[in-house]
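Report on the following structure.
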Amino acid sequence: MTRRSVSWRLITCLSSSPKLSLNVLCLVVTVFVLLQIWSFHITLQPILLPPSLLTYLNNHQQQQQPEVSHNDCLMEKLRESVTFLPLKDLRYSNKPLEGHTWFMSSLYDNQTKGEVQYQEFPSESSKGKLLCLKGFDKHDGSWNYYALAWPQALPVNASLKKGLTFVSYNHYDYGNMWHGLSAMVPFVAWSLRNQCERPQRWVLYHWGELRFNMGNWLNEIITATYSQEPEFVRFGDENTPVCFEKAVVMRHNEGGMSRERRIEVFDLIRCKARNYCNISSSNTSKPRIGMTLLMRTGPRSFKNVSAVTNVFKRECKRVEGCELKVAYSNNLTFCEQVELMRNTDVLVSPHGAQLTNLVLMDRNSSVMEFYPKGWLKLAGVGQFVYQWGANWSGMKHEGAWRDPFGETCQFPDTDRRCMSVYKNGKIGYNETYFGDWARSVLGKFRVRNMEEVVERNHDGCRC
C-alpha cells in the first residue's frame, strides 16, 4: 500500500465520522497547551553549568571590573604627580637672561635661525602636555609656579582656559614704551608665521611677578595689531592652578630674530596702527619733507627749547617743501602720535621713551638723537636702543649729539656713582653743529626721496 493511499483513507475516515474528528482536534490542542506550560517552566529553572565553566566565568568577570577603576586610579595618580616649580629660579639670579633664563628654567626654547625664540604648549617638545600656572604674587616671582600636565590629567582643582594664551616675560617693564614694545615684538612675529593667529588673553610677568596692565601707548599698539583689546589673566587663588588649552611663551624679547623678521613685524605694527586710527597712507596730504622736533619735559629735555627750535626752523626753510613741527608726546593721544609720525621724515628728539614712536614713520626716514653729559661712558649698552630700533624698523639713525657740558659730579667721570647725577640731566645746544647736522640730514633725505628710495606703506596689512 502506498503512502498516498494511506493518507487518502485517513482523510476519508475522519470526514465520514465527525465525532472522531472532534476527538482528534481536542487531543492536538491538549498536547500543544502541555508543551507551552512545560517550556515556560523550563525557563524559570536555573541553568546548570559545568563547575569548571562556572569558575572561569566568575574569574573573568572579576578581572573586568577592576580595569575601569584602575584607569581612574592612574589618572588620579597623574594629577597628583604634577610638579609645580618656581617661575623664578634663584639659582640663576647671577645670569637671569642667559640661555634658558631664570624664568621657567627647566624648559628650553624652540628656535630656527633668524626666527623668534619661543615655547609652545602643547607641542612635540612638551610631549603633548599643557602649560599650567598658579600663584598671584606681585613682588616675588619665586612664589609663582609653573608645571606641565597631560590634558586628561590636569592638576587637582585646576581650571582650563580655552583658546590661545600669550605668556610674556619682561625683564624690564610694560609701562615704558620701548621695553614694553620689545616684549611684544616676538609675539607679533609668531603670529605672522602662524596664519595671523590672535590671542584670547595675555599673562604678563616681570621677574616672575605678575603684572595686570600695560602702558597706554603699548595697550593701543596691541589693540591695533590684533584688532581687539588685550585681556589679562588674574589668578584668584594661589592653590588654584590655571591650565591653558594652547599657550605661547616668550622670554627673550626680539633676541634671535633677523633684521628682515623685525622689519616685517614693524611694517605690520605701523600698518595696523594707521588703519586703527583711520590715517591714510596716501601722499596727497603729506609734506614733501616733514621734520618733527619731538620734545620732552623734565629729565633729558633741552635747556633752551626756543634756541634749538630756531636752528632747525632755519635749516628747514632752506629746503624746498620742508615743514617743521614741534610737539610733546605727553600732550598727544595715541592716534595723534601715529598721525604725527606718518607726516615725519626726519625725527629730532632727546634720548627717551618718546623716541619709540620712530617705528611708526615710513621706512628710510631719519632719526637724530641727543644725550646729556656723561651718558657715553656710564649708561651702558641700553643707551643705544633707539639706534638699534631705527635699524630694526628700516629707518636711518643719523647719529647722536652728546652734550659735553652739564652737572658736576664729585667723583671721577668714569665712576658709576656719577650716573645718578647725569641720568636726568638736561641738554644744551651747539648752534653751529646743530645747523650743519640738520642741513646734512635733510640733504641726504631729499636725495633718497627724489630717488624714490623711501618706502611708503600703500599696500594692505598682512594680517
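FYI, the numbering just counts along the sequence from 1. Atom set for the values below is all heavy atoms of this structure, side chains included, hydrogens, waters and symmetry mates excluded.
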From CA spacing to verdict: side chain to side chain donor-acceptor pair (under 3.5 Å), Trp207, His171:
CA-CA 6 Å; Trp207 290 19; His171 196 68; 3.2 Å; yes

Can Lys77 and Glu80 be said to form a salt bridge (Lys or Arg N to Asp or Glu O under 4.0 Å), step by step?
CA-CA 5 Å; Lys77 288 185 179 298; Glu80 294 175 353; 5.8 Å; no

Given His397 and Gln387, is the side chain to side chain donor-acceptor pair (under 3.5 Å) satisfied, shown in steps?
CA-CA 6 Å; His397 193 278; Gln387 180 177 334; 4.6 Å; no

Side chain to side chain donor-acceptor pair (under 3.5 Å), that's the test. Do Asn304 and Ser306 meet it? Break it down for me.
CA-CA 6 Å; Asn304 192 334; Ser306 60; 3.0 Å; yes

Could you go step by step and tell me if Ser105 and Asp89 meet the side chain to side chain donor-acceptor pair (under 3.5 Å) rule?
CA-CA 6 Å; Ser105 63; Asp89 191 339; 2.7 Å; yes

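Within the 4.5 Å cutoff, the side chain of Glu245 has no heavy atoms near those of the Leu130 side chain. Contact annotation: the side chain of Ser365 never approaches that of Lys396 to less than 4.5 Å [non-hydrogen atoms, C-beta and beyond]. Side-chain contact between Thr344 and Leu347 is present, with at least one heavy-atom pair separated by less than 4.5 Å. Counting heavy atoms from C-beta on, the side chains of Thr333 and Glu336 come closer than 4.5 Å. By the 4.5 Å heavy-atom criterion applied to side chains, Thr432 and Trp437 are not counted as neighbours. Taking 4.5 Å as the limit, some side-chain heavy atom of Tyr205 sits within range of a side-chain heavy atom of Leu87. Val185 has its side chain within reach of Phe266: a pair of non-hydrogen atoms, C-beta onward, lies under 4.5 Å apart. At a threshold of 4.5 Å between non-hydrogen side-chain atoms, the residues Phe121 and Leu107 count as touching.
Formation of a donor-acceptor pair under 3.5 Å by the Thr101 side chain with backbone atoms of Glu98 is not found in this model. Looking at Arg300, its side chain never comes within 3.5 Å of a backbone N or O of Pro372 through a donor-acceptor pair. Between the side chain of Asn194 and the backbone N or O of Glu197, no donor-acceptor pair lies under 3.5 Å. Between the Asp403 side chain and the Phe405 main chain, a donor and an acceptor come within less than 3.5 Å of each other. Panel note: side chain Asp415, backbone Arg417; a donor-acceptor pair is recorded below 3.5 Å. One N or O on the side chain of Arg296 and one on the backbone of Pro299 form a donor-acceptor pair closer than 3.5 Å. Between the side chain of Gln383 and the backbone N or O of Gly380 there is at least one donor-acceptor pair closer than 3.5 Å. Side-chain atoms of Asn357 come within 3.5 Å of backbone atoms of Gln354 as a donor-acceptor pair (strictly under, hydrogens ignored). Without hydrogens or angle criteria, Arg259 side chain to Asn391 main chain gives a donor-acceptor distance under 3.5 Å. Here the side chain of Gln117 pairs a donor or acceptor atom with the backbone of Gly255 at under 3.5 angstrom.
The nearest pair of heavy atoms linking Tyr174 to Asn213 is CB-O, 3.9 Å. Taking every heavy atom of both residues into account, Thr309 and Leu324 meet most closely at O-CD2, 4.1 Å. In terms of heavy-atom proximity, Gly389 sits nearest to Trp178 at CA-CH2, 3.4 Å. Residues Leu355 and Ser349 come closest through the heavy atom pair CD2-CB, 3.7 Å. Contact detail for Gly428 and Phe302: the closest heavy-atom pair is O-CD2, 3.8 Å. Residue Cys196 comes nearest to Arg462 through the heavy atom pair SG-O, 3.9 Å, listed as atom of the first residue, atom of the second, then distance.
A salt bridge links Glu398 with Lys444; the closest basic N to acidic carboxylate O contact falls under 4.0 Å. A salt bridge is defined here as a Lys NZ or Arg NE, NH1 or NH2 lying under 4.0 Å from an Asp or Glu carboxylate O, and Asp413 with Lys373 fails to meet this definition. Salt bridge annotation for Arg342-Glu339: absent, with no cationic side-chain nitrogen under 4.0 angstrom from a carboxylate oxygen. Note on Glu76 versus Arg79: salt bridge recorded, some NZ/NE/NH1/NH2 to OD/OE distance being below 4.0 Å. Using a cutoff of 4.0 Å between basic side-chain nitrogens and carboxylate oxygens, Glu323 and Lys317 are not scored as salt-bridged. Arg211 and Glu209 are joined by a salt bridge, as a carboxylate oxygen and a charged side-chain nitrogen come within less than 4.0 angstrom of each other. Using a cutoff of 4.0 Å between basic side-chain nitrogens and carboxylate oxygens, Arg288 and Asp345 are not scored as salt-bridged. Salt bridge Arg262/Asp267: absent, no basic N to carboxylate O contact under 4.0 Å.
Side-chain contact of Thr225 with Tyr276: a donor-acceptor pair under 3.5 Å is absent, judged by distance alone. Residues Asp109 and His252 have side chains that bring a donor and an acceptor to within less than 3.5 angstrom of each other.
By the 6.0 Å and 45° rule, Arg234 stacks over the aromatic ring of Phe212. A cation-pi arrangement is present between Arg402 and Tyr371, with the terminal nitrogen or guanidinium carbon under 6.0 Å from the aromatic centre and inside a 45° cone about the axis. By the 6.0 Å and 45° rule, Lys134 does not stack over the aromatic ring of Phe235.
Partners of Glu231 according to the salt bridge (charged side-chain N to carboxylate O under 4.0 Å, His left out) rule, which considers only residues two or more places apart in sequence or in another chain, do not exist here. With sequence neighbours left out, the ring pair (Phe, Tyr, Trp, His ring centres under 6.0 Å) criterion links Phe166 to Phe187, Trp190, Trp202.
Close placement of the Tyr92 and His100 rings is indicated, their centers lying within 6.0 Å of each other.
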